[in-house]
Amino acid sequence: MSLRTSFILMVLFLGLGYFAFFEPLRTQEKEEASKDQESHVVWLKGKKLQSIEIFGQSPARMVCSRPDKACPFDGMGDWSLEKPVQDGADPAAVGTLASSLMNLTHNGKIDFETVPDEKEFGLDRPQAHVSLIVSGEQNPLILKFGKESAVGPNLYLSVSNDPKHLYLVPNYLPGMINKEGFHWLNKRFFPKLDGTAVKAISWKSRKLGEVRAVKTGEDWRLEKPKMISANKIMMEGLASTLAFASAKSLLASQKTNEIAKKSMRGLPELEIRFESEEGRTHYLKLFTRVSSPNGPREFVAETDGQPSAYVVDAATYDRFQKDLLEYRQRTVLTDDLRAKVDELSLKFPRDKHQLTLKMKNGNWTHEAGDIVPGRLEPNRVAGFLDSLREADFKAIYPVSGADKEVKAFRSQVPDLELELRGQGKSLFRGKFLVFERKAALTEAEGDIGALGEALLKYLPVRLADLTEVANQTVVTQPAKGASDGHDNRSESHQH
């Protein structure tokens with residue numbers, strides 16, 4: 001036998017072997033696919049959906065709002081609501097219904113020679129009635145769920161593209177379809193907004209009047225009622241509240257709903273405007289709801305020119321009604337500044353000492369000035385700097401006011417004058433005065449701020465304090481010759 005003939009026979013045998021092995025598998029796959037298709041009421045695999053319309057006592061119409069007007073049969077589509085109101089639709093709710101209809105299988109199939117009488121099977125007044133516009137299909141796909149059958153927990157279903165058959169399907173399906181309009185509504189007012197994309201927030205508060213905060217880089221700054229650094233955590237919380245602002249119920253049209261009309265006659269309790277990084281401006285007006293039922297306070301909300309009115313929990317927006325202290329930067333140092341500090345100069349006017357400490361090789365070391373009388377405790381320096389970052393102002397007083405704290409700060413000798421630097425640049429410069437053993441007073445962007453125990457525990461008011469980890473007690477200006485009570489767990493120091 002020649003080599004050429006042997007090669008031809010080998011190829012032939014391989015082909016026959018491949019066919020004998022794989023063809024049964026292909027046949028089995030085709031049969032399983034055919035059975036899968038046969039078990040479905042309608043075969044919609046690979047199709048896209050343009051709209052869903054529900055008829056009956058709670059009519060609704062949801063339309064795909066993608067540019068190609070074709071959405072998948074899942075929760076990943078972009079949907080708008082056309083009935084009962086024109087608004088955004090909840091993609092999860094619409095997707096759940098669409099997926100359920102696509103994957104609907106039957107428990108039995110009844111053949112008819114002619115189109116069956118609808119009245120006999122309860123299809124003239126169906127329990128649920130749905131119309132689907134499917135991409136690529138010439139006619140709508142209409143499903144009617146009739147009366148319950150005598151066999152099992154099923155009911156009769158007719159499908160417009162298969163008029164000579166009825167299907168037995170689970171009797172819970174109408175409950176998935178017949179929902180109030182609010183079920184299909186996207187409850188979020190700004191569903192595409194990410195809280196981190198909010199760059200400015202303005203609101204009118206009864207306590208503070210107009211407030212405005214602007215984001216620059218990663219930090220926030222108040223512009224109204226005064227130009228000061230803002231509390232980053234609070235501002236990000238406000239932005240998140242707006243991004244996830246949502247309705248708890250729908251009042252439909254502002255013009256026709258009586259509760260909406262009565263509630264929205266006067267000025268809003270709270271009006272919020274905010275800007276996103278894309279340059280869009282959104283607004284939310286909140287009116288006190290009249291005839292509010294017993295329970296949590298409620299607002300009636302108007303948003304971004306939508307014709308509908310919504311009910312929201314008033315407590316969600318309490319954070320827009322706080323005192324100014326809640327919105328301004330409440331610590332001496334931010335996290336960013338604390339991380340940059342590598343040098344600090346401390347001056348103690350009471351005992352006329354001063355020194356400079358510098359971070360070298362991960363340790364705080366003496367750089368210049370008076371020598372600490374003993375071993376410098378590095379944890380004291382770290383604890384002090386951390387307390388400047390962590391301790392919140394418990395009160396802030398206008399520098400022009402008549403508060404006793406302001407008078408004390410302006411008239412008494414400070415306990416500490418401090419400057420912090422990082423890479424040669426000044427990061428902070430300020431004075432601290434211990435007041436009535438309860439607070440440490442310092443400047444706070446033009447005002448006087450009071451810091452509590454969290455700072456007093458680490459605030460050094462004399463050179464010797466740097467030899468111990470923390471203070472035990474702190475007193476300012478004791479009687480002449482008396483112990484000042486400011487010790488470091490080891491001994492008392494006198495003026």
Side-chain angles (χ1 to χ4, degrees), residues 29-56 58-107 109 123 126-145 155 157-170 172-194 278 306:
E29 289 175 357
K30 289 179 181 178
E31 290 176 351
E32 290 176 353
S34 178
K35 288 179 181 179
D36 186 31
Q37 185 170 345
E38 181 62 26
S39 68
H40 280 70
V41 172
V42 289
W43 189 246
L44 296 170
K45 188 175 182 179
K47 300 280 188 177
K48 294 290 184 69
L49 187 58
Q50 294 182 354
S51 70
I52 303 177
E53 186 162 5
I54 299 170
F55 304 92
S58 301
R61 177 176 167 80
M62 290 76 76
V63 177
C64 180
S65 53
R66 285 187 172 184
D68 61 357
K69 302 299 181 183
C71 290
F73 280 80
D74 56 25
M76 303 304 293
D78 294 324
W79 294 90
S80 59
L81 194 62
E82 291 190 349
K83 293 180 183 179
V85 295
Q86 292 186 344
D87 211 317
D90 184 346
V94 178
T96 297
L97 175 60
S99 177
S100 298
L101 296 175
M102 181 185 74
N103 295 307
L104 180 58
T105 57
H106 60 78
N107 298 324
K109 184 176 181 181
L123 298 167
Q127 296 187 48
H129 183 180
V130 185
S131 175
L132 308 179
I133 303 295
V134 180
S135 296
E137 299 296 328
Q138 189 172 2
N139 299 312
L141 184 64
I142 300 171
L143 292 81
K144 293 182 180 181
F145 297 81
L155 51 75
L157 169 66
S158 68
V159 185
S160 60
N161 67 352
D162 189 12
K164 292 184 180 181
H165 290 103
L166 291 182
Y167 298 88
L168 297 178
V169 295
Y172 61 78
L173 289 167
M176 297 180 60
I177 298 168
N178 297 324
K179 302 286 189 181
E180 294 293 330
F182 183 69
H183 176 78
W184 309 113
L185 178 76
N186 194 328
K187 284 71 174 177
R188 286 182 60 186
F189 297 140
F190 315 106
K192 296 184 178 179
L193 180 69
D194 184 343
E278 294 78 18
Q306 292 288 351

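- The minimum heavy-atom distance between K48 and V134, with the atom names listed, is O-CG1, 3.4 Å.
- Here the CG atom belonging to L166 is positioned 8.0 Å from the CG atom belonging to L157, to the nearest 0.5 angstrom.
- No more than 12 heavy-atom neighbours from other residues, nucleotides or ligands sit within 6.0 angstrom of NZ on K192.
- Listed here is the closest heavy atom pair of G175 and K179: O-CE, 3.2 Å.
- Within the model, atoms CD of E53 and CG of L132 stand 10.5 Å from one another, a figure rounded to the nearest 0.5 Å.
- No side-chain heavy atom of V130 sits under 4.5 Å from any side-chain heavy atom of I142.
- In this structure the side chain of R66 reaches within 4.5 angstrom of the side chain of P72, judged on heavy atoms.
- Counting non-hydrogen atoms of other residues, nucleotides and ligands closer than 6.0 Å to CD of E82 gives a total above 12.
- Identified under the ring pair (Phe, Tyr, Trp, His ring centres under 6.0 Å) test for residues 79-106, with sequence neighbours left out: H106-Y167.
- Considering K69, K47, Q50 in turn, Q50 is the only one that fulfils the side-chain contact (heavy atoms from CB on, under 4.5 Å) rule with S135.
- Separating the CD1 atom in I54 from the CE atom in M62 is a distance of 4.0 Å, to the nearest 0.5 Å.
- The two residues N178 and Q127 come nearest to each other via the heavy atoms ND2-O, 2.6 Å.
- Rounding to the nearest 0.5 Å places OG of S158 at 15.0 Å from NZ of K164.
- In this structure, F182 and K187 have side chains that are in contact, with non-hydrogen atoms separated by less than 4.5 Å.
- Between A98 and I52, the closest heavy-atom pair is CB-CD1, 4.1 Å.
- Counting only heavy atoms from C-beta outward, the side chains of L49 and C64 never approach each other to under 4.5 Å.
- Counting heavy atoms from C-beta outward, V159 and L141 have side chains that approach closer than 4.5 Å.
- In this structure the side chain of L81 reaches within 4.5 angstrom of the side chain of L185, judged on heavy atoms.
- Within the model, atoms OG of S100 and OH of Y172 stand 7.5 Å from one another, a figure rounded to the nearest 0.5 Å.
- Residues P174 and L155 form a side-chain contact, since some pair of their non-hydrogen atoms from C-beta on lies under 4.5 Å apart.
- Contact annotation: the side chain of S65 approaches that of D78 to within less than 4.5 Å [non-hydrogen atoms, C-beta and beyond].
- A distance of 11.5 Å separates CG in L97 from CG in D90, rounded to the nearest 0.5 Å.
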